[in-house]
Amino acid sequence: MKTILTGIRTNSVLTLGNYLGALLPMVRLANKHSKDSHVNIFVPDLHSIISEVDGDLKANIVRTIKYYLAAGLELNENVHFYRQSYVPAHSELCWILNCVATMGETSRMIQYKEKSKGQESCNVGIFDYPILMAADILLYSAEFVPVGEDQFQHIEMARNLAMRFNNRFGETFVVPARTSDQVKFMEVENAIRIRDLLSPEKKMSKSTAAENSKIMLDDEPAKAAKKIMSATTDSLGKVKFDMFNQPGISNLLQIEALVTDTPLQDVISTWAGETRYGDLKKKVAESVSEMLTVFQGRLAEISDEQVYELLEAGEKYANEVAKAKLFDAQKAFKLR
């Protein structure tokens, strides 16, 4: 059985953009493939602490797992939830891979450059993040790792480290699929990128200070609707999907399609020729409000106890698999 692996950092409540662009597509992939593949959904708590955590990390972890369940994830014996820090092999293999990676390739990582830009110094975790991510992947022989575009470079590093290790020490790791094959597997022609409601030239981000720029999954539905009604549009007076010239309107059309599970082209056709932006905003506001009402209702029905039961079973599985692969790497380095 092949392994599909994914995870979402648990630094804070997720935005509607995180949900529609990352979590929901992963749930659909998991439901499609979990009958004949292992689906590892790990909580990258060690990755989370490289930057400030908003709120209690332990509570964030439980909430994030509930998000998957509320989004419709179908559970079976092939779906495994586990916390990264509860599987020590992640950290141990990271150290071994540090001794295979080079400073040059790690310092070229775009995310490291962006996060360290303008700072006199940054924590080493930000620099080492891609090596730990490679360990996350290689421990489970994961061929497919559904991620956003901003993580493609890290997938390539995991591939390079696996191939370099195998060349030096013999076949030890499964090399993850190349980026082009990862994109095909994810079955998305174009990456879903929900935009900032006030500055639609940027993607929606939970770290943005302006509250009205983002919709959080714990926003009251009425509050979320108000944010949609105050979204930035333009002065062209024509509803048209054009992310370059009309990013605000295009973002609203995209949100409407995703929250109502309607093909984007159908939504575009429905609104073609319309000139009243207020009508579009009102419709999207109603759709988002309805979606959050249903989602939050499901969320409230999931107990913490159910989450911890899933984690206990998943971490037993993860430790068995990860320890075996770590032992192979240790033997290759003559540590065992």
Side-chain angles (χ1 to χ4, degrees), residues 5-15 17-18 21-23 42-61 63-64 82-139 142 145-162 164-165 176 179 182 191 193-196 199 201-211 213-214 216:
L5 181 142
T6 190
I8 296 179
R9 289 178 68 200
T10 54
N11 289 58
S12 65
V13 176
L14 297 185
T15 68
N18 299 136
L23 194 142
F42 80 105
V43 179
D45 50 357
L46 296 176
H47 287 306
S48 295
I49 62 175
I50 66 172
S51 57
E52 187 175 347
V53 175
D54 182 12
D56 181 85
L57 181 57
K58 188 176 179 182
N60 290 354
I61 289 169
R63 183 179 57 224
T64 299
Y82 55 92
R83 290 161 288 193
Q84 189 182 33
S85 68
Y86 277 64
V87 186
H90 287 249
S91 301
E92 294 186 53
L93 182 59
C94 177
W95 181 256
I96 290 175
L97 294 179
N98 276 335
C99 301
V100 177
T102 67
M103 291 283 289
E105 64 187 338
T106 308
S107 62
R108 287 194 293 272
M109 294 292 105
I110 295 170
Q111 286 215 344
Y112 164 68
K113 289 181 179 180
E114 290 179 349
K115 291 181 184 293
S116 62
K117 189 176 182 180
Q119 299 185 47
E120 289 186 13
S121 64
C122 67
N123 68 63
V124 177
I126 292 174
F127 181 78
D128 208 33
Y129 177 102
I131 314 297
L132 179 57
M133 183 171 169
D136 300 333
I137 297 167
L138 300 182
L139 278 172
V145 188
V147 294
E149 283 184 75
D150 60 340
Q151 296 290 324
F152 285 171
Q153 195 181 25
H154 295 168
I155 298 295
E156 288 304 312
M157 171 169 267
R159 283 174 47 80
N160 291 338
L161 290 176
R164 189 178 308 155
F165 195 103
T179 301
Q182 299 279 356
R193 195 173 285 173
I194 303 301
R195 306 302 182 101
D196 185 297
S199 303
E201 68 279 358
K202 304 183 299 184
K203 76 173 184 177
M204 186 180 289
S205 171
K206 54 192 172 190
S207 61
T208 306
E211 281 298 312
S213 70
K214 57 197 174 185
M216 309 304 292

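For the side-chain hydrogen bond (donor to acceptor under 3.5 Å, both in side chains) test, residues two or more places apart in sequence or in another chain that qualify with Gln84 are His47, Asp136. With sequence neighbours left out, the side-chain hydrogen bond (donor to acceptor under 3.5 Å, both in side chains) criterion links Ser199 to no other residue. Not a single salt bridge (charged side-chain N to carboxylate O under 4.0 Å, His left out) links Arg63 to another residue, sequence neighbours left out. With sequence neighbours left out, Ser91 forms a side chain to side chain contact (heavy atoms under 4.5 Å, CB included) with Leu46. With sequence neighbours excluded, the residues satisfying side chain to side chain contact (heavy atoms under 4.5 Å, CB included) with Lys58 are Asp56, Tyr308. Tyr86 is linked by a ring-ring contact (aromatic ring centres under 6.0 Å, His included) to nothing, counting only residues two or more places apart in sequence or in another chain. Remark: Ser48 engages Thr10, Asn11 in a side-chain hydrogen bond (donor to acceptor under 3.5 Å, both in side chains) (not counting sequence neighbours). With sequence neighbours excluded, no residue forms a ring-ring contact (aromatic ring centres under 6.0 Å, His included) with Phe152. Residues passing the side chain to side chain contact (heavy atoms under 4.5 Å, CB included) test with Arg159 are Glu156, Met163, Val175, Pro176, Arg178, sequence neighbours excluded. For Pro130, the side chain to side chain contact (heavy atoms under 4.5 Å, CB included) partners two or more places apart in sequence, or in a different chain, are Met109, His154, Met157.
Counting all heavy atoms, side chain and backbone alike, Gln182 lies closest to Pro146 at OE1-N, 4.4 Å. Shown here for His90 and Leu132, the closest heavy-atom pair between the two residues is O-CD1, 3.7 Å. The two residues Leu5 and Ala142 make their nearest non-hydrogen contact at CB-CB, 3.8 Å. When all heavy atoms of Ala101 and Ile131 are compared, the pair lying nearest together is CB-CD1, 3.6 Å.
Residues Asn18 and Ile8 fail the side-chain proximity criterion, which asks for heavy atoms closer than 4.5 Å. Taking 4.5 Å as the limit, every side-chain heavy atom of Val147 sits out of range of all side-chain heavy atoms of Thr6. In this structure, the side chains of Lys206 and Leu14 come closer than 4.5 Å at one or more pairs of heavy atoms.
Pairs of residues two or more places apart, or lying in two chains, never qualify as salt bridge (Lys or Arg N to Asp or Glu O under 4.0 Å) while including a residue from residues 121-135. Sequence neighbours left out, the pairs with a member in residues 88-113 that pass salt bridge (Lys or Arg N to Asp or Glu O under 4.0 Å) are Glu105-Arg164.
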Trace of the side chain to side chain contact (heavy atoms under 4.5 Å, CB included) decision for Met204 with Arg195: CA-CA 5 Å; Met204 186 180 289; Arg195 306 302 182 101; over 6 Å; no
Phe165 vs Ile96, test: side chain to side chain contact (heavy atoms under 4.5 Å, CB included). Steps then yes/no. CA-CA 10 Å; Phe165 195 103; Ile96 290 175; 3.9 Å; yes
Determine, step by step, whether Phe127 and Cys122 satisfy the side chain to side chain contact (heavy atoms under 4.5 Å, CB included) criterion, reporting the C-alpha distance in whole Å, the side-chain angles of both residues, the deciding distance to 0.1 Å, and the verdict. CA-CA 8 Å; Phe127 181 78; Cys122 67; 5.7 Å; no
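Listed for the Asn123 side chain is a donor-acceptor partner under 3.5 Å among the backbone atoms of Ile50.
With rounding to the nearest 0.5 angstrom, the OG1 atom of Thr64 is 10.5 Å from the CG atom of Asp45. Within the model, atoms OG of Ser51 and CD1 of Ile126 stand 7.0 Å from one another, a figure rounded to the nearest 0.5 Å. Once rounded to the nearest 0.5 Å, the distance linking CG of Leu138 with SG of Cys94 reads 11.0 Å. In this structure, CG on Leu93 lies 4.5 Å from CG on Leu139, to the nearest 0.5 angstrom. To the nearest 0.5 Å, atoms OH (Tyr112) and OG1 (Thr106) are separated by 9.5 Å. Atom CD1 of residue Ile194 and atom NZ of residue Lys214 lie 16.0 Å apart, to the nearest 0.5 angstrom.
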